Asker: 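Right, I'll just put the structure down here and ask away after.
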Amino acid sequence: MLEPYVRPGIDDRPDLDKALSPEDKAAVARLAIKDRRRPPEASADQPEAQTVRLAAAGSSAAAAAAASVDTPAPDMSSAYLDMRDPMVAADGQRPTTGQVSRLNWGFFAASILVGAPWIALNTIAMPNAVARLFGYDTAALQVTINPATGRPLPVATDLAMPLAVLVIVGVVASMFAMPLISVLSDRTRTPLGRRTPWMVAGGVLCALLTLLLGQNIGIVVLCIFWALMQFAYAMLSAPLASAISERVPDKFRPRVERWHGIGVMLGQALGVCMGAFGVMFDSFTPFTYTAVLFAVSGILSVLILPKEPSSTEQPRQPFNSDQVLDQLRPPAHAPAFARVFTARTCMMTGVGLTGVFLWYLVRFWVYGKAVVFTSAPLTLPAGFLIAGMAAATLVGAALASWAAGPISESIEEKNIPTTRVVAGACLLYAIGLGLAWGLGVWSTGTARENGMLLFALISGFAFGIYDSLGLELVMDSLPDPRRAGHDLGIYALANSAGLALAAIIGALLVNAFEHSFGYYLLFPSAIVMVLLAGIVTLAAESAQ
């Protein structure tokens, strides 16, 4: 019988599992190369991601991103610090020319789609929903006037406290939502990537919760849904900010971030106009098209951007709650950072004193009396005024983004400390507040409306300069460049702290006085906080 042909070196090779002893196998294992794939950098440690989140916090902060001031975050993982190719993104992809264009316009469109409905909710829709819960149908055609005061009944000052409670609940929920979603998003392993599923699901969930928020529900249930809304919005916004730092190569990141900042400014103005025009006719209308825009925001953003690479091969990382809480721990032994954080908190408190109660200021203070010679709802002039203020703020912020570069170069040539210019921006913001307050108190006719428009224009420019040049002070105050991402995330919490303080102070002031006189006090209190921010900034100069 013929024996089968044995191929030398192939069929006669021994089975190593049987031929080698356990000692031999251990020796071979010691010589083998261990391919331990490192997990990608956490989004909380990415300075560029935290800078994008800070820019998305407001139109003026976006003006800082759109400005030509060279204040990059100290990114120790930048490709410019080693021999890596700056044309390759952090996720290992080398985008083509067409893909770079899609990244640029995709993040620009995403900033508008995500930011506009969120601003419409916060500025107009939610304050109006609170007013509706307490019997103020601000879209009603018939207005009952108190003959003693000439103002609508009932008195609108009792709305400040429930709105403040809603704002504080949202701030607290947001402080935990962003870190939690960031950690979970970093550990997502799907064929669609780490960020794409969160953005799509977050947009749909935001749409569903928006429709629920527009219903006639009690203030307690409204606060619960509003807290859930913070988590849903974090699912949409946090992965979007992280995607910019991960998917855009270092070579093109300044351009993409600049256009993202421009998109945020446009989205802010568009969102205010959406809410103002929608509430003119029906209190539920802003919630309807805001929900629609939320639903398509995540989907359209994913479709415009190039396909995200799969994340199934990244190593599994166990979830650790300490990684969430660590994003809320301030840096220790950093007095310069503490001063900058305090100045930012004071400034955001001054900004929030008018921003949180903007709809009530315009609706119940500027237009507290019945509109003469018309039976139209009072929301019509109020909506047009707020839309005009949004346009004026956009113009001011755009001027600030254009002027920030030349101002920065000029003060550098003349050796003028940046702290003085930032403090001057605080003073300019206080002047804008003083104009709105003075024209509202001691003038009649259209002076009050003109004062609000002037305030919007001046504040947009002043806050844009404050953010653009103040970012230099923030970067200089970071105690450890290796933890720049973490510390910038802590600095962003000053926005939340200032917003909560503004809600508390404003509610106490408004409720302390009858009729609409309490709204008068929002302006001088805002002036005090803004000037305090400037004083703390100057104190930082003397401490250096």
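Count residues from 1 along the sequence. Just so it is clear, the model here is predicted, and its values are computed rather than measured.
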Asker: Within the distance-only criterion (no hydrogens, no angle test), does the side chain of R102 pair as donor or acceptor with the backbone N or O of L303 below 3.5 angstrom?
Answerer: yes

Asker: Can you tell me how far the CG atom of L501 sits from the SG atom of C346, to the nearest 0.5 Å?
Answerer: 8.5 Å

Asker: Do N104 and S101 pass the side chain to side chain donor-acceptor pair (under 3.5 Å) test, and can you show the C-alpha distance, the side-chain angles, and the key distance before you say yes or no?
Answerer: CA-CA 5 Å; N104 186 68; S101 180; over 6 Å; no

Asker: Would you say M199 and S297 make side-chain contact, with heavy atoms under 4.5 Å?
Answerer: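 Sidechains of S297 and M199: no contact.
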
Asker: How far apart are the C-alpha atoms of Y491 and V340, what are their side-chain angles, what is the distance that settles it, and do they pass the side chain to side chain contact (heavy atoms under 4.5 Å, CB included) test?
Answerer: CA-CA 8 Å; Y491 176 75; V340 173; 3.5 Å; yes

Asker: Does the side chain of I407 reach to within under 4.5 Å of the side chain of V421, using non-hydrogen atoms?
Answerer: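 Yes; the side chains approach each other to less than 4.5 Å.
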
Asker: Evaluate L180 against F231 for side chain to side chain contact (heavy atoms under 4.5 Å, CB included), listing each step before the verdict.
Answerer: CA-CA 9 Å; L180 177 62; F231 287 87; 4.0 Å; yes

Asker: Look only at the side chain of E308 and the backbone of P191, and say whether a donor-acceptor pair between them is shorter than 3.5 Å.
Answerer: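 No, the answer is negative, given that no donor and acceptor are paired below the 3.5 Å cut-off.
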
Asker: If I take atom CG from residue L499 and atom OG1 from residue T345, how far apart are they, to the nearest 0.5 angstrom?
Answerer: 11.5 Å

Asker: Please test V165 against I219 for side chain to side chain contact (heavy atoms under 4.5 Å, CB included), starting from the C-alpha separation and ending with a verdict.
Answerer: CA-CA 9 Å; V165 172; I219 186 64; 5.7 Å; no

Asker: Side chains of P249 and P95, heavy atoms from C-beta outward: is any pair under 4.5 Å?
Answerer: yes

Asker: Shortest non-hydrogen contact from S311 to R194?
Answerer: CB-CG, 3.5 Å

Asker: Quick one: closest heavy-atom pair of A276 and I124, and the distance?
Answerer: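 It is N-CG1, 3.9 Å.
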
Asker: Roughly how far, to the nearest 0.5 Å, is the CG atom of L166 from the CZ atom of F225?
Answerer: 13.0 Å

Asker: Measure across A500 and V171 and return the closest heavy-atom pair with its distance rounded to 0.1 Å.
Answerer: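 Looks like CB-CG1, 4.3 Å.
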
Asker: Minimum heavy-atom separation for P318 and R187, please, with both atom names.
Answerer: O-NE, 3.4 Å

Asker: Got a donor-acceptor contact below 3.5 angstrom from the H486 side chain to the D326 backbone?
Answerer: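 Here the side-chain-to-backbone pair exists.
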
Asker: Hey, is the main chain of S182 close enough, under 3.5 Å, to the side chain of S185 for a donor-acceptor pair?
Answerer: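 Flag not set: sc S185 to bb S182 has no pair under 3.5 Å.
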
Asker: Considering only heavy atoms from C-beta outward, does the side chain of L240 approach that of F107 to under 4.5 Å?
Answerer: yes

Asker: Closest heavy-atom contact between C206 and M229?
Answerer: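 Closest approach of C206 to M229: O-CE, 3.6 Å.
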
Asker: Rounded to the nearest 0.5 Å, how far apart are CD1 of I299 and CG of L113?
Answerer: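 One gets 11.0 Å once the value is rounded to the nearest 0.5 Å.
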
Asker: Minimum heavy-atom separation for G352 to A502, with atom names?
Answerer: C-CB, 3.4 Å

Asker: Applying side chain to side chain contact (heavy atoms under 4.5 Å, CB included) between Q268 and each of T393, I119, T123, report the one that passes.
Answerer: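 For Q268, the side chain to side chain contact (heavy atoms under 4.5 Å, CB included) check succeeds only for I119.
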
Asker: Taking the six-membered ring where the residue is Trp, are the ring centres of Y233 and W118 under 6.0 Å apart?
Answerer: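 Yes, close enough.
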
Asker: Report yes if the side chains of M126 and F287 come closer than 4.5 Å at any heavy-atom pair, otherwise no.
Answerer: yes

Asker: Holding to ring pair (Phe, Tyr, Trp, His ring centres under 6.0 Å), I want the full list of residues that pass it with F294, two or more places apart in sequence or in another chain.
Answerer: none

Asker: Mind checking whether Y466 and F463 have parallel, tilted or perpendicular rings, split at 30° and 60°?
Answerer: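 Ring orientation of Y466 relative to F463: tilted.
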
Asker: Under 6.0 Å from the CZ atom of R316, do we count more than 12 heavy atoms belonging to anything else shown?
Answerer: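 At most 12 heavy atoms, drawn from other residues, nucleotides or ligands, come within 6.0 Å of this atom.
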
Asker: Within this structure, what is the OG1-CG distance for the pair T290 and L211, rounded to the nearest 0.5 Å?
Answerer: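 If I round to the nearest 0.5 Å, the distance is 9.5 Å.
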
Asker: For the pair S468 (side chain) and I465 (backbone), establish whether a donor and an acceptor sit closer than 3.5 Å, ignoring hydrogens and angles.
Answerer: no

Asker: State whether D467 and R344 are salt-bridged, where the test is any N-O pair (Lys NZ or Arg NE/NH1/NH2 against Asp/Glu carboxylate O) under 4.0 Å.
Answerer: yes

Asker: Does E246 come within less than 4.0 Å of R195, counting only side-chain N to carboxylate O?
Answerer: yes

Asker: Tell me whether F284 at atom CZ has more than 12 heavy atoms from other residues, nucleotides or ligands lying less than 6.0 Å away.
Answerer: yes

Asker: Ignoring hydrogens and angles, tell me if any N or O in the side chain of R94 forms a donor-acceptor pair with the backbone of M87 under 3.5 Å.
Answerer: no

Asker: Please tell me if the side chains of L103 and P306 come closer than 4.5 Å, counting only heavy atoms from C-beta onward.
Answerer: yes

Asker: Taking atom OG of S245 and atom CD of E257, what is their separation to the nearest 0.5 Å?
Answerer: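 The CD atom of E257 is 8.5 Å from OG of S245, to the nearest 0.5 Å.
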
Asker: Quick one: do Q327 and V183 satisfy side chain to side chain contact (heavy atoms under 4.5 Å, CB included)? Show the steps, please.
Answerer: CA-CA 10 Å; Q327 299 182 46; V183 172; 3.5 Å; yes

Asker: Please evaluate residues T312 and S310 with respect to the criterion side chain to side chain donor-acceptor pair (under 3.5 Å), reporting the C-alpha separation (whole Å), side-chain torsions for both, the decisive distance (0.1 Å), and the verdict.
Answerer: CA-CA 6 Å; T312 54; S310 173; 3.0 Å; yes

Asker: Taking the side chain as C-beta and beyond, is there a heavy-atom pair between R189 and Q314 under 4.5 Å?
Answerer: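 When only atoms from C-beta onward are counted, Q314 and R189 do touch, with a gap below 4.5 Å.
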
Asker: If we ignore hydrogens and angles and just use 3.5 Å, is the side chain of S496 paired with the main-chain N or O of A492 as donor and acceptor?
Answerer: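 Side chain of S496 to backbone of A492, a donor-acceptor pair under 3.5 Å: no, none is there.
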
Asker: Can you check side chain to side chain donor-acceptor pair (under 3.5 Å) on S408 and E472, steps first, answer last?
Answerer: CA-CA 10 Å; S408 177; E472 298 180 13; 3.2 Å; yes

Asker: Would the number of heavy atoms belonging to other residues, nucleotides or ligands and lying under 6.0 Å from CD of Q215 be above 12?
Answerer: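 Above 12, so yes.
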
